[in-house]
Amino acid sequence: EALVNSLPMEKTVVVALSSPYDWVRFPDIGAYMLTYSFLDPGIVTACDILFGGFSAQGRLSVVLDDDLPAGTYHGQ
């Protein structure tokens, strides 16, 4: 956790593999992605999104913050 929080915010992406609530541990991170799965298909898809093979289509399923209500989508 300390290592991730010490990285440059604008160049750091956190990929959570199961819980959307991991976000609260990294409040200053520039980008956050959640797969809801630690199985290979979820990891491969996350890598494809990060490297431009797919665009993210998911929506946040829970409220994380007043600025991040359920249904939030911040894709391109």
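Not measured: the values here are computed from a predicted model.
L50 and V4 fall into different hydrophobic clusters, where Ile, Leu, Val, Met, Phe, Trp and Tyr residues are linked whenever their side-chain heavy atoms come under 4.5 Å apart, directly or through other members. With hydrophobic clusters built from ILVMFWY side chains whose heavy atoms lie under 4.5 angstrom apart, M33 does not share a cluster with F26. In terms of hydrophobic clustering, with Ile, Leu, Val, Met, Phe, Trp and Tyr side chains grouped at heavy-atom distances under 4.5 Å, V13 and L34 are assigned to different clusters.
Between atom CG of residue L68 and atom OH of residue Y32 there is a gap of 10.5 Å, rounded to the nearest 0.5 Å.
Atom CZ of F54 has 12 or fewer neighbouring heavy atoms from other residues, nucleotides or ligands inside a 6.0 Å radius.
A side chain to side chain donor-acceptor pair (under 3.5 Å) with Y36 holds for exactly one of S18, S61, S19; it is S61. A side-chain contact (heavy atoms from CB on, under 4.5 Å) with W23 holds for exactly one of I29, L60, D65, V62; it is D65.
Counting heavy atoms from C-beta on, the side chains of D22 and V14 never come closer than 4.5 Å.
Judged by distance alone, the side chain of S6 and the main-chain N or O of L3 form a donor-acceptor pair under 3.5 Å.
With sequence neighbours excluded, no residue forms a side-chain hydrogen bond (donor to acceptor under 3.5 Å, both in side chains) with E10.
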Legend entry - side-chain contact (heavy atoms from CB on, under 4.5 Å) assessment of I43 paired with L17: CA-CA 8 Å; I43 294 170; L17 301 179; 4.1 Å; yes

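Scanning all heavy atoms of the two residues, the minimum distance from V15 to A46 falls at CG1-CB, 4.1 Å.
Side-chain heavy-atom separations under 4.5 angstrom define the hydrophobic clusters, and V63 shares its cluster with no other residue.
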